[in-house]
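Below: the structure, in C-alpha cells.
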Amino acid sequence: MARIRYGARTEEELTAARTASSRLPDIWSTGVVAVWESDPDAVAAVLPPPLAPTGRPLVRVSISKVALAGYPLGAGSVAVAAAHRGVEGWYPLVMPMTHERALTGGREVFGEPKKLGEVTVERDGPVVRAALARHGIAFVEVRGAVSGPLPVPEPARKTDFYFKFLPAVDGSGFDLDPVLVHCLRHEKVRKLEKLTGDVVLRESMYDPVADLPVRTLVELTLGEKTTDQQGRVVERVSARSLLPYVHQRYDDPRQLHDGPPEGSV
C-alpha cells in the first residue's frame with residue numbers, strides 16, 4: 001500500500017526531525033531596530049500581570065529580512081519594556097511574519113503573538129526604509145540614513161515574555177490556566193551602523209501601536225545579527241487577570257467564539 005501521508009510517523013522519523021531542528025546553523029538577518037521612550041501610563045496599561053513596568057517606558061521595534069536559502073523571510077516585532085521576578089526584558093505586542101511556517105512554532109510552542117503581515121527593509125546607498133504592515137496599513141515605518149559605523153557589541157542575552165494559552169471550547173475563558181514563558185535569546189551581531197531618522201506610527205484598529213507615541217528616540221540602528229532562543233515556563237497565570245488582555249492577540253476578539261459554518265462539517 002502507498003504511504004498514507006496523514007498517517008503516523010515512525011519513531012526514526014520523529015527522532016530525525018528533532019535532531020535536524022537542533023542542529024540549525026547560524027541564520028543571519030539584516031534589520032532596523034528603533035527604541036524610544038513613550039508615555040509611561042500607556043506602556044503600563046498594555047502589560048498583563050504579573051508583568052510590571054521597568055524604570056523607563058521603552059518601546060522597541062525590530063524589522064528584519066532573514067537570509068533563509070530559498071525561503072526569504074520578513075520578521076518584525078513591536079515590544080514594550082517589562083519586568084518579572086527581577087528579570088527585565090521585552091513584552092512583544094505584535095510580531096508580523098511574511099510566511100505561515102514562521103508563525104506556527106513560535107505561536108504554538110512559545111506563545112509568541114505572531115501574525116501574517118508585510119515586512120519591508122530597503123536600502124539605497126545610505127538611505128534606509130523599513131516598515132511593518134497589515135491590512136494595507138504600514139502601522140510602523142522607520143525612515144533614515146546611515147550616518148556611520150558603530151562598534152560591534154559583545155554577544156548578549158535578552159529575555160522576551162510571552163503568555164501561552166488555549167481559549168476554552170465553550171468560549172468562557174481558557175481550557176487551562178495560561179502560563180508565562182521566559183524566552184531567553186542569545187544574540188550575536190557582526191555589523192552595526194547608526195541611522196539618523198525618525199519613526200512614524202500610523203493609526204490601525206488592528207495594530208494600535210500609535211497608542212505608544214514616540215517621546216524621545218533612544219536608538220536607531222541598522223545591523224546584521226543572528227539569534228537562538230530557549231524558552232521555559234516560569235509560572236501559571238490567573239485566567240481572570242489575563243482575560244482582559246486577550247484581545248491583544250486577535251484582530252477581532254469575537255473570532256474566539258466562531259464555530260464552523262452550519263452544515264460545513
Side-chain angles (χ1 to χ4, degrees), residues 3-11 13-15 17-18 21 44-52 73 75-80 82 84-85 89-118 132 134-137 139 159-184 204-209 211 229-265:
R3 171 83 182 261
I4 305 301
R5 286 167 291 179
Y6 274 126
R9 297 291 176 91
T10 66
E11 184 61 35
E13 288 173 317
L14 294 174
T15 300
R18 287 192 293 267
S21 65
V46 303
L47 292 174
L51 299 183
L73 170 69
S77 172
V78 180
V80 297
H84 177 248
R85 292 185 182 177
W90 297 93
Y91 173 61
L93 295 168
V94 60
M95 301 176 70
M97 302 283 143
T98 56
H99 295 300
E100 179 71 23
R101 182 178 178 183
L103 302 183
T104 52
R107 287 191 311 201
E108 296 174 18
V109 177
F110 293 98
E112 295 173 330
K114 290 184 173 180
K115 299 178 180 179
L116 282 175
E118 299 172 24
L132 300 177
R134 298 180 65 250
H135 301 287
I137 302 169
F139 59 92
T159 301
D160 281 352
F161 304 114
Y162 304 121
F163 291 95
K164 183 177 178 180
F165 56 81
L166 190 64
V169 173
D170 63 6
S172 63
F174 305 109
D175 279 333
L176 297 170
D177 283 340
V179 295
L180 175 60
V181 174
H182 283 200
C183 184
L184 181 62
S204 169
M205 64 180 291
Y206 305 104
D207 303 289
V209 299
D211 291 347
Q229 65 182 45
Q230 295 176 317
R232 65 185 182 94
V233 173
V234 293
E235 68 175 82
R236 290 205 170 271
V237 177
S238 160
R240 182 185 295 271
S241 67
L242 186 59
L243 273 173
Y245 298 88
V246 168
H247 65 281
Q248 294 176 345
R249 195 68 55 91
Y250 304 97
D251 289 348
D252 183 353
R254 292 174 298 180
Q255 74 188 70
L256 282 173
H257 309 299
D258 288 348
E262 187 174 349
S264 66
V265 293

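For F174, the ring-ring contact (aromatic ring centres under 6.0 Å, His included) test picks out F165, with sequence neighbours left out. In this structure D211 satisfies the side chain to side chain contact (heavy atoms under 4.5 Å, CB included) test together with P208, sequence neighbours excluded. Listed by chain and number, the residues in a salt bridge (Lys or Arg N to Asp or Glu O under 4.0 Å) with E235 are R85 (sequence neighbours excluded). Here H182 pairs with H84 under the side-chain hydrogen bond (donor to acceptor under 3.5 Å, both in side chains) rule; sequence neighbours left out. Checked against salt bridge (Lys or Arg N to Asp or Glu O under 4.0 Å), R232 has no partners two or more places apart in sequence or in another chain. With sequence neighbours excluded, the residues satisfying side-chain hydrogen bond (donor to acceptor under 3.5 Å, both in side chains) with E13 are R3, T10. Residues satisfying the side chain to side chain contact (heavy atoms under 4.5 Å, CB included) criterion with L184, sequence neighbours excluded, are R157, T159, H186. Under the side-chain hydrogen bond (donor to acceptor under 3.5 Å, both in side chains) criterion, Y91 pairs with Q248, sequence neighbours left out. In this structure V179 satisfies the side chain to side chain contact (heavy atoms under 4.5 Å, CB included) test together with K164, V181, V233, R236, sequence neighbours excluded. Applying the side chain to side chain contact (heavy atoms under 4.5 Å, CB included) test to A102 and every residue at least two apart in sequence or in another chain returns L73, M97. Every residue two or more places apart in sequence or in another chain that forms a side-chain hydrogen bond (donor to acceptor under 3.5 Å, both in side chains) with H135 is listed here: D251.
Residue pairs meeting the side chain to side chain donor-acceptor pair (under 3.5 Å) criterion with at least one partner in residues 93-110, sequence neighbours excluded, are absent.
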Exercise. Check the pair V169 / D175 against side chain to side chain contact (heavy atoms under 4.5 Å, CB included), numbers first and verdict last.
Key: CA-CA 7 Å; V169 173; D175 279 333; 3.8 Å; yes
Quiz item: Which is it for F110 and Q229 under the side chain to side chain contact (heavy atoms under 4.5 Å, CB included) test, yes or no, and what are the steps along the way?
Solution: CA-CA 10 Å; F110 293 98; Q229 65 182 45; 3.1 Å; yes
Quiz prompt | Derivation and outcome, side chain to side chain contact (heavy atoms under 4.5 Å, CB included), residues I137 and D207 | solution = CA-CA 9 Å; I137 302 169; D207 303 289; over 6 Å; no
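Side chains of L47 and F161 form no contact here, defined as non-hydrogen atoms less than 4.5 Å apart. Side-chain contact between P113 and L93 is absent, with no heavy atoms from C-beta onward closer than 4.5 Å.
Closest heavy-atom contact between Y162 and D160: OH-OD2, 3.2 Å. Scanning all heavy atoms of the two residues, the minimum distance from Y245 to P49 falls at CE1-CD, 3.7 Å. Between P96 and S77, the shortest heavy-atom contact is CD-N, 4.3 Å. Shortest non-hydrogen contact noted between S241 and S238 is OG-O, 2.8 Å. When all heavy atoms of A239 and D177 are compared, the closest pair comes out as CB-OD1, 4.0 Å.
Between the OG1 atom of T15 and the CZ atom of R9 there is a distance of 13.0 Å, given to the nearest 0.5 Å.
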